[in-house]
Amino acid sequence: MAKDKITIAIDGYSSCGKSTLAKQLASKLNYTYVDSGAMYRAITLFAIHYGLASKETVLVGELISVLDSIDVTLKYDSEAEKVTTYLNGENVEEEIRSMQVSEVVSFVSVIKEVRAKLRSLQQKLGEQGGVVMDGRDIGTAVFPDAELKIFMTASPDVRAQRRFDELKKNGKSVSLEDVRNNLISRDKEDTSRKENPLIQAEDAVVLDNTNLTPSQQIELALLWVKSKLV
Ligand code: DC
């Protein structure tokens, strides 16, 4: 039976434009956009803040024991016209995008209990349908029954340059090489971890946007959406 509002799962490597596409789709279709990576970043920021995680080590047992006291919320900020991440009531949208968080987040994301907490939150956010969620395990673990699953990829050089430009635009001082190395090591962690690794769902369509403009990629994705709505 045709549905009015479907669930769209977008997975893929770090910085290959998942959130750009997810936001474009949500705005065109009037769906809710959920950035699941922001939730992993918020828990990571909490862990760094309390000395429970760093590039060198994660105190897994200690972090698990305080998980219940970590509240991660995504709210629509009508002034900024974007979804904003809150950690225990505090707006952390800026801080979670820092290199410091990027360098630790993959190590926190391997923890089964962290994943279980966020998965159930994500499933709640999407239970009504009409949601576009991006991440690493959305089509495989969070919404295995999503009507449309898109697996995104792009060349590492193109991804590093885009991420570098974005960080620079936001006033962050980083080198292109550090950004590239971080992407490559996160891809490695994300694809090789035991719990819900990044893999292409069998029924996902692949979108390689190495040579696509944002408008070409949304046109293509909208064709896929259309094919699911008839
Ligand atoms: O999408 P992002 O780059 O902001 O995500 C940050 C990290 O969070 C990513 O390196 C792995 C983790 N993540 C995850 O394990 N599962 C998800 N569904 C989303 C993100």
Side-chain angles (χ1 to χ4, degrees), residues 1-39 74 76-85 93 97 122 125-170 176 179-180 183 186-187 190-191 198-230:
M1 202 181 74
K3 283 203 172 184
D4 284 349
K5 291 204 165 193
I6 60 170
T7 298
I8 304 176
I10 303 181
D11 290 303
Y13 300 99
S14 295
S15 300
C16 59
K18 296 185 298 294
S19 70
T20 304
L21 178 66
K23 282 181 209 159
Q24 285 173 318
L25 279 173
S27 137
K28 290 263 181 204
L29 301 166
N30 205 12
Y31 280 18
T32 303
Y33 165 56
V34 180
D35 174 357
S36 70
M39 298 174 162
L74 302 183
Y76 185 74
D77 177 343
S78 52
E79 230 167 77
E81 292 184 352
K82 61 176 194 166
V83 179
T84 304
T85 311
E93 188 56 33
R97 312 285 165 194
Q122 290 152 5
L125 290 172
E127 67 194 357
Q128 306 295 332
V131 73
V132 190
M133 192 174 297
D134 75 334
R136 304 295 187 289
D137 62 344
I138 310 305
T140 51
V142 180
F143 297 124
D145 297 328
E147 286 85 354
L148 176 61
K149 300 178 185 177
I150 301 177
F151 189 85
M152 287 185 71
T153 179
S155 84
D157 285 337
V158 165
R159 291 193 280 138
Q161 188 66 51
R162 286 181 190 153
R163 182 94 188 113
F164 174 73
D165 292 344
E166 190 185 313
L167 286 165
K168 242 177 52 180
K169 201 175 84 192
N170 293 327
L176 181 59
V179 171
R180 195 177 192 283
L183 293 188
R186 276 202 290 146
D187 287 351
D190 294 345
T191 50
L198 168 65
I199 43 165
Q200 186 189 322
E202 264 178 31
D203 50 349
V205 286
V206 177
L207 198 164
D208 181 339
N209 69 9
T210 306
N211 297 307
L212 293 185
T213 63
S215 60
Q216 284 171 320
Q217 87 172 1
I218 180 72
E219 276 169 33
L220 180 58
L222 283 171
L223 290 177
W224 286 327
V225 173
K226 222 167 134 193
S227 75
K228 300 293 177 184
L229 287 171
V230 289

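We're numbering straight along the sequence, starting at 1.
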Do the side chain of K228 and the main chain of L223 share a donor and acceptor less than 3.5 angstrom apart? no
Distance in Å, R162 CZ paired with L167 CG, rounded so as to fall on 0.5 Å steps: 14.5 Å
Evaluate side-chain contact (heavy atoms from CB on, under 4.5 Å) for M152 paired with D11, printing each intermediate quantity in order. CA-CA 6 Å; M152 287 185 71; D11 290 303; over 6 Å; no
Assess, by modelled atom type and distance only, whether the side chains of R159 and N209 contain a donor and an acceptor separated by less than 3.5 Å. no
Could you work out, with salt bridge (Lys or Arg N to Asp or Glu O under 4.0 Å) as the rule, every residue matching E219, not counting sequence neighbours? none
Checking E147 against L229 for the side-chain contact (heavy atoms from CB on, under 4.5 Å) test, could you report, in this order, the C-alpha distance in whole Å, the side-chain angles of both residues, the deciding distance, and whether it holds? CA-CA 9 Å; E147 286 85 354; L229 287 171; over 6 Å; no
Nearest-0.5 Å distance that lies between atom OG in S15 and atom CG in D187: 8.5 Å
Could you report the tightest heavy-atom contact between A38 and R97, atom names first, then the distance? CB-NH2, 3.7 Å
Validation row: Q24, P214 side chains within 4.5 angstrom (heavy atoms): yes
Is any side-chain heavy atom of E166 less than 4.5 Å from a side-chain heavy atom of R163? yes
Which residues share a salt bridge (Lys or Arg N to Asp or Glu O under 4.0 Å) with R180, sequence neighbours left out: D157
From CA spacing to verdict: side-chain contact (heavy atoms from CB on, under 4.5 Å), K28, L222: CA-CA 9 Å; K28 290 263 181 204; L222 283 171; 4.0 Å; yes
Do Q217 and T20 come close enough that some side-chain heavy atom pair is under 4.5 Å? yes
To the nearest 0.5 Å, what is the distance between CG (D208) and SG (C16)? 9.0 Å
For residues 130-139, which side-chain donor-acceptor pairs fall under 3.5 Å, sequence neighbours excluded?
residue, atom, partner, partner atom, Å
D134, OD1, Y33, OH, 3.4
D134, OD2, S19, N, 3.2
R136, NE, G12, O, 3.4
R136, NE, D190, OD2, 3.1
R136, NH2, S14, OG, 2.9
D137, OD2, R115, NH2, 2.9

Might you work through the side-chain contact (heavy atoms from CB on, under 4.5 Å) test for V205 and L148, ending with a clear yes or no? CA-CA 8 Å; V205 286; L148 176 61; 4.2 Å; yes
The criterion is side chain to side chain contact (heavy atoms under 4.5 Å, CB included); which residues satisfy it with S227, sequence neighbours excluded? none
If only atom types and distance count, is the side chain of K5 paired as donor or acceptor with the main-chain N or O of Q128 below 3.5 Å? no
Without swapping roles, check the side chain of Y31 against the backbone of I6 for a donor-acceptor pair under 3.5 Å. yes
Roughly how far, to the nearest 0.5 Å, is the CZ atom of R186 from the CG atom of L198? 11.5 Å
I need the T84 OG1 to K82 NZ distance, nearest 0.5 Å. 6.0 Å
With a 4.5 Å limit on heavy-atom distance, are the side chains of L207 and L212 in contact? yes
With distance as the sole test, does Q161 use its side chain to make a donor-acceptor pair with the main-chain N or O of V158 at under 3.5 Å? no
Decide yes or no for Q200 and V206: does some side-chain heavy atom of the first lie under 4.5 Å from some side-chain heavy atom of the second? yes
Which residue pairs pass the ring pair (Phe, Tyr, Trp, His ring centres under 6.0 Å) test when at least one of the two sits in residues 130-162, sequence neighbours left out? Y13-F151
With V225, which of I218, I150, I8 fulfils side-chain contact (heavy atoms from CB on, under 4.5 Å)? I8
Within the 3.5 Å criterion, strictly below it, is a donor on T85 or E93 matched to an acceptor on the partner's side chain? yes
Just jot down the salt bridge (Lys or Arg N to Asp or Glu O under 4.0 Å) partners of D165, sequence neighbours excluded, or say none. none
